[in-house]
Amino acid sequence: MGILAWITLLPLAGALLTMLVPREEEAIHRGIGLGTTIVTFLASLFILGDFDPAKSGFQLEVDKVWVESLGIHFHLGIDGISLWLVMLTTFLMPVTLLSPQAIGTRNIRVREFVIAMLALEAGMVGAFLALDLFVFYVFWELMLIPMYFIIGIWGGERRLYASIKFVIYTLIGSLLMLVAILYLYAQYHAATGTFSFDYVALSRLTLPYDPQLLCFLAFGLAFATKIPLFPLHTWLPDAHVEAPTGGSVILAGVMLKFGTYGFLRFALPMFPLATQAMAPVVTALAVIGIVFGALMAYVQNDAKKLVAYSSVSHLGFVVLGIMTLGQVAVQGAIYQMLAHGISTGGLFLGVGLLYDRRHTRKLDDFGGLWKKIPIFSACFLVIVLASVGLPGLCGFVGEFLILIGTFNAPAGALFSSPKLLAIISASAVILAAMYLLTMYQKIFFGPLDNPANKDPHVRDIHGRERWVFGFVIVAALVMGIYPQPILARSEKSVAALISGFQERLADAASNPDAPAHLFPNPSAGAAPSAAPANAGNSGKPGPTAP
Amino acid sequence: MPTFYYLILSFVLFLIGTTGVLLRRNALVVLMGIELQLNAGNLAMLTYSRALGDEKGHVFAFLIIALAAAEAAVGLAILVGLFRNRQTINLDEANLMKR
Amino acid sequence: MNASETLFNLRLIPLLPFLGAAVLILFGRRWKREAVLTVAAAAIGGSALVAFDAFFTRLPAVAEEGGLRDVVWTWMSTGNLSVDLAFRMDALSGLLCLIITFIGFLIHLYSAGYMEHDPDYPRFFAYLNLFCGSMLVLVLGDSMPVMFVGWEGVGLCSYLLIGFWYHETPNADAGKKAFITNRIGDFGFLIGIFLTFQATGTLRFSEITSFATAGSVLTAPAWLGMSNAFWIGTFLFIGAAGKSAQIPLYVWLPDAMAGPTPVSALIHAATMVTAGVYMVARMHAVYVLSPAALAIVALVGAATALFAAVIGFAQNDFKKVLAYSTVSQLGFMFAGVGTANFASGVFHLYTHAFFKAGLFLCAGSIMHAMSGSGDIRKMGGLRKLTPWTHGVFLVCWLAICGVPVFSGFFSKDAIVAGAFATGIFGDDLSWVGPTVGVLLLLAALGTAFYMSRLYFLVFSGPTRADAQTQHHIHESPPSMVGPLVVLAVGAGLGGLVGVPGGLFGHPEWNLLGHTLETAVGPELDVPHNTELLFMAVSTVLALIGIGLAYTFYGGGYRAPAQKFAAAFPGFVQLVRDKFRVDELYGAVIIRPLRKFALALFRVVDRVLIDQILVGGVAALVDVLGRVSRAFQAGDAQRYMAAFAIGAAALVFFATRPTVPSTLKVEVSGTTVSVDASRAGRASPRGLTYAFDFDDDGRPEVVGLKSDARYTYDQAGEHTIRVTVTDPRWHTQSKIKRKIDLSAAGERK
Amino acid sequence: MIFDSSQILAYLPMLILIGMGCLILLAETFATTATASRQGLAWLGVGGCIASLGALLAQWGDAGQATTHFQGMLIVDRMALYLDGAFLAAALLTLLFAPPFLREQGFEFGEFYVMVLFGAAGMMMVAHAAHLVTLLIGIETMSLAAYILTGCWRRNLRSSEGAMKYFLMGAFATGFLVYGMALVYGTTGGELSYAGIAGKVPEASKNPVFYFGEYFILIALAFKVAAVPFHMWAPDAYEGAPTPVTGFMAAGVKAAAFGGILRILDTAFGNPLLVFDFTGWANIIVVLAAATMILGNLAALRQDNIKRMLAYSSIGHAGYILVGVAAMGLGVTTAKPAVLFYLMSYTFTTLGSFGVIAWIGNRRDERLFIDDWAGVAQARPGVAMAMALFLLSLGGVPPTGGFFAKFFLFRAAMESPQLYWLVVIGVLTSVVSIYYYLRVVIAMYFRDPLRPLEPTDAASTRAALILTAMAVLLLGILPGSFIEWAGPVIGK
């Protein structure tokens, strides 16, 4: 078995192991959870070592037959796009489990929590790595269940409502995606006479315009809900507020990325015509989300809700970057996904710690905490600033690349006025400072006048907590100062993706009503040189909507 | 066209049976309605059998008669059970389970 | 680009303060104060040594070729964008480096005394080091993004230091205000970066400079008829206005005085706030391509200079007066660079750094003496009580007023004379230069007035402080006075490096201009007569200002001052309230924004999406669920009835011939052809189609074919009825359609 | 009429069940009232099922080619044997789940086990039927057993009421079935075997009466699978029946009826003349499927009684399976295996879930309301996990058999463009279904217990639960062989 299969299955093995330990041994459960995730992280470092940045295609592939007669293969592979998302997952997991607050205030059923988190990790890693659409779908659904339990069992007051909302929102989209996958499968069979769910094979399929649009909408709905794109975002604040800290961290840090990752990996390359037609809508929603999320965050009094809405805003940037389909912006979008994982994960860890100390998340209940817990305050400040997008920390690089890439996208390529969109989006740098600093100030600055804040229980971070925040801060700093290693490894894959998209678009646009057929040259033929990202797609009129 | 008349008769019987099932409240009478339906089937079967000169229809009719008997046996047992529990076999009074 | 770029460990210059900050943050809490100070001062001192070494021994040799460059590593490189984490020192950034490290070092020393009793001593020095590092990144940045790192970094430090005494809400608010206002500027800066990248394809300053030539794409019209250079310049200037507190983004700077005074001296007077000026100078090559952009810079600068000076007339807080003075002086600098007189703008930046830092440190020293109060109404007579401070303040005061020989005289004069003499604006905008000049002269008069007012109210006459405070008044410790004296020397004599040597036939006497020439182009050539004229005029104005102030405030509040206040109470109050700009912003922007967001949250997010859209679907499903349950009434006979009805319906509908939902009708003239087959399906076997075209009940066409043609006698409205019959069942389906022939004909 | 040993052997599974049933009847007369001897009866039944399963497996290899026996009345093919496996599993699991339940509720009779065995035999007959006579006999055997099982909880009001409703409506449907058979018989010129009917269809389809016959048979079978609008017996009968019986009914009766539908529609009425066009049954099935999916799942939403909720859910599942039947009608060859796989997976899942429901209650406290399930996961994590697995499988969430079942089914349906909209309805109603399945999960996992749990615990229940859970997981992780046994998965 290849390393990819290992890191997918390791967490599952850990979960099984945890099941075997008696319920009372909570320390052992935590130990197994932490140990498994750390081992997984170390294993994922091997991927990093084996990864060849000069290749654009998939590497380290694992391909095992699952259901032979249907052409379902347990096919995993990694490229520059998924590489870092997997690393993010394997990094955030041990950090989260290290945090004593991960399980939240309902400190019960540690064993189940560890099992759920490990199953979640397996689902997430698998979904990032899956190269078979069916396997992707299975993992996609698989991560839903543990997260549902995490919210529902260890969540807050309204956890039932939040968990069911989360599931229903996500399922509607994902089941329609399943229908679209099945449709692709049938069309692929019609075009070639063979059955396959293989990503590489299916992504060569060029559909006529109308089915493309429907498939794009089906996939897009699943992804847009996950991101979440305005106006599908209302599950997010609820889910985040109710989820325990660990759940929030993973939900915001990794799971939201599946939406954007899905767009990048599936929706765009497979349905170029539909992408072209829908780009104005999607980007408009993204930009609305950027501003809207920021404004919503601005008026929240609940720290977790505020951070949740900030995710809506930040993920809007990612969508914007992806939809430009320019090298710089897409790279920025990938980077922003990682940065958001680190910074927002850190924010949730921080808010979780505050809740642990104070049993409230209302900003008005805090004030002057710096005096009481200076080390944590400093750590939290760094994370807040990373989220604000301060240069030198992780948040800046992604936002900068997205905005500069969007700004310089050729007008009319995918949407009419990229400059305007970039300018509107850039206003979020102001709004981000407004809401995050307001939050920070309300918590840590001002007089320490609330007696509850003077309670001796409000301790500064110590022990494991220091390591948790230390890891997050180091990651944020390193990613802010030296992003190039990350960018360099995704460079080729992104370039291939974009040039492949352009070629596919040209192929599909040449006759939008042609029956489903295979695009002659799969992504392997994509020019590996850092192709001028925006060349070639200018002036090609999109098909009119039906 | 005597065959046709018999068929009409069987259909009328079927309708009468159905009507009885739908309108009468007493479970026993409803059971009778069902028997009527089965016998309408019997009649149609026999009519065709006779018209076609085919023996299978007769056999089938015997089968249906046996079946009706079995059903009646089981059904009556069930109704007895119901009556024991409720002291009535009026259908509209047995509506403990709904919605 | 330049083959002869020389590598030099420039990275050490910002790195040392950063390391100092990191060490202090991680370990400082457990250290003694001496150790903290040693680390902090060593960090910035070491940085200063490297900077001086680089500037004086390494730079001259390569200044002509673009200066020293140090690439740490590739920062971001993807697609056509490539940004190195690289530093570059040329004359301009070198000069700034010297100012920052030198004044920064002095202020570290000064703070040792000033912050002596503060419990957060290590945190303060950590911030200070962090600031110095960021500021050095800002000036040494080789490309716009790297500069932006420093740009935001100093904003952060400013935020942290303003809110240093965070436990008081106004301080924290002031910090936040500073950061957010700066962010508005940063927004402009970002757009400027994007535009630059789009136009030039690079973000390195040296490449931008060599790209920016008259015929390049920068001068091509881009949007609204203005050139790329104009938009780049304008957006960058928004950034500069935010950082350097120009109209309309100046509001944060006066509030920033909530921070410790050394911070005000270093950040909000000498270094950070001048970053905007530095940036305009750095981008001079682009700016000179767009006189219109320069005009905006110059006019905003001049207007700010005057406006802030006027506000300075009526402020009663020592540091507030100095703050508005800073805003005003920054306006001078922008007017300087805005008239394409970049060297003079930088020159003023340099002199201002000394005298304003000196003034602020004096303010700190005096507030130290006055038990922390900065209310000048309660001061007076401090000349004797704090002699050293007085002496330093005197020098700096004369420098800022523009009294000859003192540093401010030369730099201010260079700007004013340049404004009148500049030819950059061409014919269309020729009015800009003189307008700017006149505004600046008025501002200079105002400067002399309010600074003199400050001087007289604080130092002359009898003291107005209450007895208890008076008792405590004392001169500051040597660690504070020492730096003051050094700054006073700089403020007094610093102008000599930029004397207009041309007047005396020795242009090389203008050391500064000569040095900067490699970085920002040659100094503006001002005719000797003009130069002399404005030297005279500004000297006279300075003296008038001082005299006027003496009349009003010499030795305390004199009768004319009181009379004036009594005569125009409204105006005086308005000025004292800073023209109520903050309130205006609050009412027009900030509160409406919050209300808007709140309304959006309540209406769109909660009600529209969550309740109506999502809740609506859920409620609909729920209602359907209840309805579905309602069928199940518990009565077995109803169940059987449903069974029977269902069976009947099934049989009924399964035996109806299917017809399309609408008839397909094609019209040509008065001839119609009708197709009653279901879309895409072959005609079902055995069905009879009857077409009744004239609505008389009798079909015109009857047959097995599902389509028919018919020609009407006349146009008008007709109804077509089609009856489909299945002969086996004698079941029928009917469909009809109305057509309007005349209209249809016309449509064709 | 010639009997030879091969014919007997072919029906050995069925015969073993019947024989074992008779044996139990006999044995009961000798059985004492002691619990142990009653238990022995159940184990006899289990033994019968296992023997029958063995006989089934023995002939699996030969069944690759379909063979008819008894002059075309019965047929042995892979589909029938596959379904037989499901029936046997249902019977076996029922015999494992039921005894503790019956003992606890105080009506442990040997006849119960006999009826389960006879019912299973009837189901087999339906699956093997290639003739209207055998179809009728099979359906009636199965149904009569089911009526009795429903009503056997004599002291229970709901049981007798449910049995009465089930019986009356069932008999009513039988009336339709018999009448329909008569009409088909007559209009085809005296044909009763499927092959014979199929041969006469071109002629008979000219006669409208033939369609009446066809529709009536269809309606009767639709009644058995509880398709809307012929579903109304199901909630009441499911609620009233003793819980293990509910599982048996929901799984076995449904699977058998679908087996009958598949075969009769595929062979007797498989002529395109009858499938397509406005009079075609494909139309009817499509409409029934849509209505069944929607109504079943919506009505389940508001149920608080878990048995009733699962009853409505089983109606919904009938809708999904009807999608497969429609796909088969539209010429999708892969639809039939998908339906079979669905039935197999549904059998295990349903039996498992009703097994847990039977397990959780006791004589005083049946715990049939969802609120009663609060905190089960804390008291008994293993059973809660099994139940969650079953519910997720019913909802079609990986990695469970239910997921693959839906997946195969929808995949097959997607081969026919006319069914896209049906698939979309299918997935949307699945989302709805997830909502109500999760209500139970919520109660079990997310709520704190209200009162201590006193389940009807027994080794056989545990064994059965482990079996079902493993089967559901196995079907969800390695579905390959199971779907391939069901028939060709790749069309065209």
Side-chain angles (χ1 to χ4, degrees), chain B residues 3 7 10-11 13-14 17-18 21-22 27 30-31 33-49 51-57 59-61 63-64 66-68 70-75 77-86 89 91 93-99, chain D residues 132-133 136-137 140-141 143-145 147-148 150-193 209 212-213 216 235-240 299 302-303 305 308:
Chain B
T3 310
L7 284 180
S10 86
F11 191 65
L13 266 182
F14 188 80
T18 310
V21 166
L22 295 184
V30 170
L31 199 54
I34 290 170
E35 294 295 320
L36 217 50
Q37 284 183 316
L38 291 175
N39 284 323
N42 255 343
L43 182 58
M45 193 63 98
L46 290 171
T47 310
Y48 278 125
S49 180
L52 297 167
D54 183 79
E55 304 301 322
K56 290 196 290 289
V59 179
F60 206 127
L63 184 71
I64 294 172
L67 190 146
E71 282 208 337
V74 170
I78 287 172
L79 292 185
V80 167
L82 184 72
F83 184 78
R84 263 200 215 143
N85 276 337
R86 285 186 165 271
I89 49 170
L91 289 182
E93 287 171 43
N95 58 357
L96 198 61
M97 293 178 290
K98 55 175 92 168
R99 304 244 139 78
Chain D
L132 293 182
V133 168
L136 184 66
I137 294 175
E140 283 309 308
T141 313
S143 300
L144 288 173
Y147 304 149
I148 294 168
T150 307
C152 70
W153 192 355
R154 271 177 268 168
R155 67 172 173 81
N156 187 306
L157 271 179
R158 287 167 190 270
S159 174
S160 53
E161 181 181 327
M164 182 272 287
K165 286 177 177 170
Y166 188 20
F167 164 72
L168 284 183
M169 294 197 68
F172 189 58
T174 306
F176 277 77
L177 182 65
V178 166
Y179 199 74
M181 284 178 173
L183 296 184
V184 168
Y185 166 74
T187 48
T188 51
E191 292 295 345
L192 283 172
S193 73
V209 178
F212 274 102
F216 276 23
D236 293 4
Y238 282 22
E239 189 189 339
R302 304 289 311 179
Q303 301 301 332
N305 183 317
R308 214 166 165 76

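Because only heavy atoms are used, hydrogens play no part in the values below, and waters and symmetry mates are left out as well, while side chains stay in. Here is how names work: the chains are called A, B, and so on, in the same order as the sequence lines, proteins then strands, and each is numbered from 1.
- Summarising the geometry, atom CG belonging to B/L43 is positioned 11.5 Å from atom OG belonging to B/S49; distances are rounded to the nearest 0.5 Å.
- Between chain B and the residues D/G175, D/G162, D/S160, D/G240, the largest count of heavy-atom pairs under 4.5 Å involves D/S160.
- In terms of non-hydrogen atom pairs under 4.5 Å with chain D, the most contact-rich of B/A40, B/G81, B/A27 is B/A40.
- For D/Y238, there are no side chain to side chain donor-acceptor pair (under 3.5 Å) partners at least two apart in sequence or on another chain.
- When side chains are defined from C-beta on, B/T18 counts as touching B/F14, because their heavy atoms get closer than 4.5 Å.
- Note on D/E239, D/K165, D/R154: by heavy-atom pairs under 4.5 Å with chain B, the leading option is D/E239.
- Under the rule for a side chain to side chain donor-acceptor pair (under 3.5 Å), the partners of B/S10 that lie at least two apart in sequence or sit in another chain are D/Y179.
- Counting all heavy atoms, side chain and backbone alike, B/E35 lies closest to B/A68 at OE1-CB, 3.3 Å.
- Proximity to chain B (any heavy atom under 4.5 Å) is restricted, for D/E140, to the side chain, taken from C-beta onward.
- Contacts between B/L67 and chain D at a heavy-atom distance below 4.5 Å involve the side chain alone, from C-beta outward.
- With a threshold of 4.5 angstrom between heavy atoms, D/Y185 approaches chain B through its backbone and through its side chain.
- Here the OG1 atom belonging to D/T150 is positioned 12.0 Å from the CZ atom belonging to D/F167, to the nearest 0.5 angstrom.
- Of the listed residues (D/Y147, D/F176, D/F216, D/F212), the one with the most heavy-atom contacts under 4.5 Å to chain B is D/F176.
- The two residues B/V21 and B/V30 make their nearest non-hydrogen contact at CG2-O, 3.7 Å.
- Using a 4.5 Å cut-off between heavy atoms, B/L38 touches chain D through backbone and side chain atoms alike.
- Proximity to chain B is absent for every atom of D/R302, based on heavy atoms less than 4.5 angstrom apart.
- With a 4.5 angstrom heavy-atom cutoff, D/N305 does not touch chain B via any of its atoms.
- Of the listed residues (D/S159, D/S143, D/G189), the greatest number of heavy-atom pairs within a distance under 4.5 Å of chain B belongs to D/G189.
- Heavy atoms only, all atoms of each residue included: D/I137 and D/T141 are closest at O-OG1, 2.6 Å.
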